[in-house]
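Reading through the structure tokens given below for one structure.
Here is how names work: the chains are called A, B, and so on, in the same order as the sequence lines, proteins then strands, and each is numbered from 1.
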2 protein chains.
Amino acid sequence: MPRDLRMSRMLHVLIHMDRHVDRVTSDQIAGMISTNAVVVRRMMAGLREKGIVTSEKGHGGGWQLARALTGITLRDVYEAVGCPPLFNIGPQADPAECLVEKAVDARLEETLQAAEARLLEQFDQIVVEDLAQDFERRFAELREGAVEPQGMACHAS
Amino acid sequence: MPRDLRMSRMLHVLIHMDRHVDRVTSDQIAGMISTNAVVVRRMMAGLREKGIVTSEKGHGGGWQLARALTGITLRDVYEAVGCPPLFNIGPQADPAECLVEKAVDARLEETLQAAEARLLEQFDQIVVEDLAQDFERRFAELREGAVEPQGMACHAS
DNA sequence: AAGTCACGCAACAATTAAAGTTTCATGTCT
DNA sequence: AGACATGAAACTTTAATTGTTGCGTGACTT
């Protein structure tokens with residue numbers, strides 16, 4: 001299995017929603033991240049449950065941001081997409097019988113847990129607005145340079 | 001896909017090899033970790049290339065430890081099994097065109113890289129002997145308690 | 001010299017979770 | 001009524017580890 005892209009994709013979408021559009025449909029979002037509307041709804045449902053976005057059915061409906069990007073941390077988004085396992089390595093899931101294996105598993109788990117805690121702390125300290133400003137810095141640099149600024153808002157705008 | 005178990009499994013095997021047996025066949029190792037000999041050879045080949053174990057063909061052959069456990073770090077074992085990706089999450093592999101996506105991917109990658117570097121430092125500072133002593137502590141505690149010490153060397157001894 | 005044991009290697013099948021797809025139902029605006 | 005958009009269920013596809021089978025090679029035993 002390749003890596004879990006949900007968090008990365010949702011961050012991408014949130015910034016577009018804040019900077020470029022007021023209300024978007026699942027189909028438009030699907031265009032941004034090269035997938036289809038059902039996959040989008042699946043992921044966005046998690047964001048809605050966390051109060052990050054709202055959805056409206058029917059004609060003229062779609063998705064809207066519910067909070068400013070300054071109030072959304074990477075941790076919020078990570079949890080919104082269902083807290084997928086952070087690590088690809090580790091001991092087997094079900095507890096071992098062998099004492100050697102138990103000792104190995106415990107130490108490995110402990111080390112990974114500590115790393116996970118540190119990473120989640122990082123996620124707590126970064127808000128999506130930080131990433132949006134990273135984008136604007138890149139955009140400004142591109143305009144200053146000799147190249148014309150194409151691809152600013154990918155497929156969406 | 002479940003988690004990558006190779007590192008955990010090889011740590012388990014190395015401790016058994018040091019504490020319980022002098023020379024083991026792939027089949028015996030397969031019995032320890034509940035798999036078959038081919039899977040074992042695949043993983044052990046990496047350890048051999050790193051100089052951690054040696055192998056001998058033919059009658060009476062098998063695998064032997066080449067170094068003391070005090071000289072083998074978790075990092076060594078991690079690299080020996082091929083440096084599998086540590087994280088299950090992250091941005092997509094191929095570089096994005098959209099500037100927003102680029103900014104998101106760069107920041108996420110940077111954060112994960114930092115976490116990876118910290119974790120690998122931890123792996124550098126733990127030697128397999130440390131885990132072996134964890135095991136012996138557990139074993140001693142079990143003998144002191146009222147329970148008989150079964151399952152000391154799992155299926156192997 | 002024959003036989004057995006054990007690694008080396010190549011090719012293929014099984015498993016698992018994310019991602020992708022299809023279909024239908026529900027709600028809302030014009 | 002009709003068009004649009006989300007909600008939800010069921011199924012297929014994909015990618016990587018793991019599991020399996022078969023054959024070749026080397027080494028010890030009798």
Side-chain angles (χ1 to χ4, degrees), chain A residues 1-10 12-13 21-49 53-64 66 78 80-94, chain B residues 1-10 12-13 17 21-49 53-64 66 78 81-94:
Chain A
M1 174 221 314
R3 285 160 111 177
D4 190 317
L5 306 175
R6 285 175 287 185
M7 181 177 172
S8 160
R9 283 175 147 179
M10 287 299 96
H12 179 185
V13 168
V21 290
D22 180 47
R23 203 182 251 158
V24 270
T25 68
S26 301
D27 258 316
Q28 291 173 316
I29 294 177
M32 296 180 199
I33 59 178
S34 301
T35 180
N36 70 59
V38 179
V39 175
V40 170
R41 290 196 193 103
R42 214 142 56 188
M43 293 189 284
M44 296 291 284
L47 299 192
R48 182 186 50 219
E49 283 164 19
V53 299
T54 59
S55 68
E56 296 209 33
K57 297 172 99 173
H59 193 127
W63 301 88
Q64 266 186 307
Y78 168 70
V81 297
C83 299
L86 285 180
F87 293 104
N88 184 46
I89 68 165
Q92 61 175 8
D94 41 303
Chain B
M1 175 219 316
R3 289 159 110 176
D4 189 317
L5 305 175
R6 285 174 287 186
M7 181 177 171
S8 159
R9 282 175 148 178
M10 286 300 96
H12 180 186
V13 169
M17 286 178 73
V21 290
D22 180 47
R23 202 182 252 162
V24 269
T25 68
S26 302
D27 258 317
Q28 292 172 316
I29 294 177
M32 294 180 200
I33 60 179
S34 301
T35 179
N36 71 58
V38 179
V39 175
V40 170
R41 291 196 193 104
R42 212 140 61 188
M43 295 188 285
M44 296 290 285
L47 299 191
R48 182 185 51 218
E49 283 165 20
V53 299
T54 59
S55 67
E56 297 211 32
K57 298 170 99 174
H59 194 128
W63 301 89
Q64 267 186 309
Y78 168 70
V81 296
C83 298
L86 285 179
F87 293 105
N88 184 48
I89 68 166
Q92 61 176 7
D94 41 305

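- We find that CD1 of B:Ile33 is positioned 9 Å from P of D:dT18, with the value rounded to whole Å.
- Qualifying ring pair (Phe, Tyr, Trp, His ring centres under 6.0 Å) partners for B:Tyr78, counting only residues two or more places apart in sequence or in other chains: none.
- Residues satisfying the side chain to side chain donor-acceptor pair (under 3.5 Å) test with A:Arg48, not counting sequence neighbours, are A:Ser55.
- Among the nucleotides C:dT21, C:dC9, C:dA19, the one closest to any side-chain atom of A:Val38 is C:dT21.
- A straight line from CZ of A:Phe87 to C1' of D:dT17 spans 19 Å, rounded to a whole angstrom.
- OP1 or OP2 of C:dA18 has at least one side-chain nitrogen or oxygen of A:Arg6 nearer than 4.0 Å.
- No side-chain heavy atom of A:Met43 sits under 4.5 Å from any side-chain heavy atom of A:Val13.
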With 3.5 Å as the limit, what N/O pairs link the protein to nucleotides 26-30 of chain D?
from: D:dG26; atom 1: N2; to: B:Gly58; atom 2: N; distance (Å): 3.2

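- You'll find the side chain of B:Met44 reaches within 4.5 Å of the side chain of B:Met10, heavy atoms only.
- Under the side chain to side chain donor-acceptor pair (under 3.5 Å) criterion, B:Glu56 pairs with no residue at all, not counting sequence neighbours.
- In terms of phosphate contacts, A:Asn36 brings a side-chain nitrogen or oxygen within less than 4.0 Å of OP1 or OP2 of C:dT21.
- Within 4.0 Å of B:Arg9, counting heavy atoms only, lie sugar-phosphate atoms of the nucleic acid but no base atom.
- OP1 or OP2 of C:dG20 lies within a sub-4.0 Å distance of a side-chain N or O belonging to A:Thr35.
- For the residue pair A:Asp4 and A:Pro84, the shortest heavy atom distance occurs at OD2-CB, 3.3 Å.
- By the side chain to side chain donor-acceptor pair (under 3.5 Å) test, A:Ser8 pairs with B:Asp105, sequence neighbours left out.
- Contacts between residues 41-49 of chain A and DNA chain D, counted as heavy-atom distances below 4.0 Å, involve A:Arg41, A:Arg42, A:Arg48.
- In this model, the phosphate group of C:dG8 is approached by a side-chain N or O of B:Ser55 to a distance below 4.0 Å at OP1 or OP2.
- Listed nucleotides D:dT17, D:dG22, C:dG20 differ in distance to B:Asp4; the shortest reach to its side chain belongs to D:dT17.
- Between A:Ser26 and the phosphate of D:dA5, there is no side-chain N or O to OP1/OP2 separation shorter than 4.0 Å.
- Closest-nucleotide positions on DNA chain D for B:Pro85 and B:Val39 were compared, and the one nearer the 5' end corresponds to B:Pro85.
- Put simply, the side chain of B:Arg41 never gets that close to the backbone of B:Ser26: no donor and acceptor are under 3.5 Å apart.
- Of the residues A:Val21, A:Val53, A:Asp22, A:Val24, the one that meets the side-chain contact (heavy atoms from CB on, under 4.5 Å) test with A:Gln64 is A:Asp22.
- Nucleotide C:dC5 holds its C1' atom 13 Å from the CZ atom of B:Arg23, rounded to whole Å.
- Nucleotide D:dT17 holds its C1' atom 17 Å from the CZ atom of A:Arg3, rounded to whole Å.
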